[in-house]
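Here's the structure we're looking at; comments come further down.
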Amino acid sequence: MQRLPAPRLVATDLDGTALRTDGTVSPRTVAAFGKVEENGAVLAIVTGRPPRWMGGVASAVRHRGLAICANGALIYDLHTERIVESHLIAVDVLEEVVAQLRANVSELLFSVEYEAGFAHESDFLLGGLDRHAGSVRVDSLTARPCAKLLALHPGMDADELQAIVHGLVGHLVTATHSSRRGLIEMSAQGVTKATALAALARQHEVEPAQVVAFGDMPNDLPMLSWAGRSYAVANAHPAVLATVDHVTATNDDDGVARVIEELYA
């Protein structure tokens, strides 16, 4: 069988994909990321994480490459740890989305990611990295443009909730999820990991066929569908496993690193 050419751009999700379950970057993965740039290719971290969660990752990967954060809304330079591009939800859209969802889905709680900072309603159940964030009222949440609006339901399945949110406000924002709980992430209409990755590829004169992408959750699906070669880790969401070209080992077994090592052998 003829060997495929090494990719010119490697794009990978973090949580559940390149990171281990405990949130760490293994030494093997750090070495594999280094191999991408050593071979003259572009390394792109493509994540739902906000930039404020990227400090430890930037250090672990030795400040290599660019990060596409907040599902494509924010482009973050890992070398300088600065946001270099933003695609935000406008205030009027944000207000309309919150109003529509409040009127039609009971028990929803909201939080927002800004370019710098985070705000949430007082009853919003925070994850581990956000437990020290301050609380604000919902009128404050919609007072300025944001990178990502999050809606949390205490009892609903994430896939079910995403379908409902899309039906209600899909003409205003792009809704997805990357969590096992009922947490929906909304970006400006049309903004996805794929749109941001495609723009980055154009800047480097890289074609989709020259891109390899890795992911594990529904927010990765646009990117995985766009890339010339797509990989899911074995622990991925069923919809992702059904979409990709290839499946590698789990995130805890360094699945991404194993493939990169083979690609640049």
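The figures that follow rest on heavy atoms only: side chains count, while hydrogens, waters and symmetry mates do not.
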| request: Report the C-alpha distance between Thr47 and Trp53 in whole Å, list the side-chain angles of each, state the deciding distance to 0.1 Å, and finish with yes or no for side-chain contact (heavy atoms from CB on, under 4.5 Å). | output: CA-CA 10 Å; Thr47 177; Trp53 287 7; over 6 Å; no
| Leu101 side chain reached by Phe110 side chain, heavy atoms, under 4.5 Å | yes
| request: Flag the pair Leu94 / Thr142 as yes when at least one side-chain heavy-atom distance between them is below 4.5 Å, and no otherwise. | output: yes
| query | Hey, does the side chain of His153 reach the backbone of Ser106 with a donor-acceptor pair shorter than 3.5 angstrom? | reply | yes
| task | Determine, stepwise, if the pair Val259 / His246 fulfils side-chain contact (heavy atoms from CB on, under 4.5 Å). | result | CA-CA 10 Å; Val259 175; His246 310 281; over 6 Å; no
| message | If you define the side chain from C-beta out and look only at heavy atoms, does anything of Leu141 sit under 4.5 Å from Val98? | response | no
| query | So how far is it from Leu108 CG to Leu152 CG, rounded to the nearest 0.5 Å? | reply | 8.0 Å
| Verdict with supporting geometry, Asn251 and Thr17, side chain to side chain donor-acceptor pair (under 3.5 Å) | CA-CA 5 Å; Asn251 61 320; Thr17 302; over 6 Å; no
| field | Side chain to side chain, Thr29 and Val256, heavy atoms closer than 4.5 Å | value | no
| field | Spacing of Glu85 atom CD and Leu66 atom CG [to the nearest 0.5 Å] | value | 10.0 Å
| task | Would you kindly confirm whether Leu221 and Ile184 end up in one hydrophobic cluster when ILVMFWY residues are joined by side chain heavy atoms under 4.5 Å apart? | result | no
| request: Answer yes when Arg229 and Glu262 have at least one side-chain N-carboxylate O distance shorter than 4.0 Å, and no when they do not. | output: no
| If you look at every heavy atom in Arg181 and Ala158, which pair is closest and at what distance? | O-CB, 3.3 Å
| field | Closest contact, heavy atoms only, Leu74 versus Pro51 | value | CD1-CD, 3.5 Å
| task | Ignoring hydrogens and angles, tell me if any N or O in the side chain of Thr24 forms a donor-acceptor pair with the backbone of Arg20 under 3.5 Å. | result | no
| field | Chi angles and distances behind the side-chain contact (heavy atoms from CB on, under 4.5 Å) call for Leu19, Val25 | value | CA-CA 5 Å; Leu19 299 187; Val25 187; 3.2 Å; yes
| message | Please check this pair: side chain of Tyr76 against backbone of Glu81, looking for a donor-acceptor N/O pair closer than 3.5 Å. | response | yes
| request: Give a yes or no on whether the backbone of Pro7 and the side-chain of Tyr264 come within a donor-acceptor separation of less than 3.5 Å. | output: yes
| Between the main-chain N or O of Tyr114 and the side-chain N or O of Arg144, is there a donor-acceptor pair closer than 3.5 Å? | no
| task | Rounded to the nearest 0.5 Å, what's the gap from CE on Met217 to CG on Leu224? Could you check? | result | 12.5 Å
| Looking at Asp253 and Arg258, what are the two nearest heavy atoms and their distance? | O-NE, 2.8 Å
| task | Enter the distance from Asp22:CG to Asp252:CG here, rounded to the nearest 0.5 Å. | result | 7.0 Å
| message | For the backbone of Val46 and the side chain of Lys193, can you confirm whether one donor and one acceptor N or O come within less than 3.5 Å of each other? | response | yes
| query | Does the pair Arg49 and Val57 meet the rule for a side-chain contact (heavy atoms from CB on, under 4.5 Å), with working shown? | reply | CA-CA 11 Å; Arg49 285 187 172 213; Val57 173; 3.7 Å; yes
| said: Measuring only between side-chain heavy atoms, which start at C-beta, is Ile45 closer than 4.5 Å to Met54? | reply: yes
| Do you know the tightest heavy-atom contact between Ala70 and Ser187? | O-OG, 3.8 Å
| said: Please tell me whether Val84 and Val191 are part of a single hydrophobic cluster in this structure, the criterion being side-chain heavy atoms less than 4.5 Å apart. | reply: no
| query | Any chance CD of Gln203 has more than 12 other-residue heavy atoms, nucleotides or ligands included, within less than 6.0 Å? | reply | yes
| note | For Val247 and Val233 the tightest heavy-atom approach is CG1-C, 4.3 Å
| request: Please report the closest heavy-atom contact between Gln162 and Pro218, naming both atoms and the distance. | output: OE1-CB, 4.4 Å
| task | For a salt bridge (Lys or Arg N to Asp or Glu O under 4.0 Å) with Lys148, tell me which candidate from Glu115, Glu113, Glu185 qualifies. | result | Glu185
| CD of Glu261 to CZ of Arg28: how many Å apart, nearest 0.5 Å? | 4.0 Å
| query | Do the ring planes of Phe118 and Phe124 sit parallel (below 30°), tilted (30 to 60°) or perpendicular (above 60°)? | reply | perpendicular
| Counting distance only, does the side-chain N/O of Asp220 pair as donor-acceptor with the main-chain N or O of Phe214 below 3.5 Å? | no
| message | For the residue pair Ser26 / Asp254, report whether a side-chain donor-acceptor contact shorter than 3.5 Å exists. | response | yes
| request: Determine whether Val244 and Met223 fall in the same hydrophobic cluster, where Ile, Leu, Val, Met, Phe, Trp and Tyr are linked whenever their side-chain heavy atoms lie under 4.5 Å apart. | output: no
| field | Check: His79 main-chain N/O paired with Asp77 side-chain donor or acceptor under 3.5 Å | value | yes
| request: May I ask you to decide if Thr192's main-chain N or O and Thr195's side chain share a donor-acceptor pair within less than 3.5 Å? | output: yes
| Spacing of Asn104 atom CG and Ile164 atom CD1 [to the nearest 0.5 Å] | 10.0 Å
| Any donor and acceptor pair, going by atom type alone, linking the side chain of Asp245 with main-chain N or O of Ser230 inside 3.5 Å? | yes
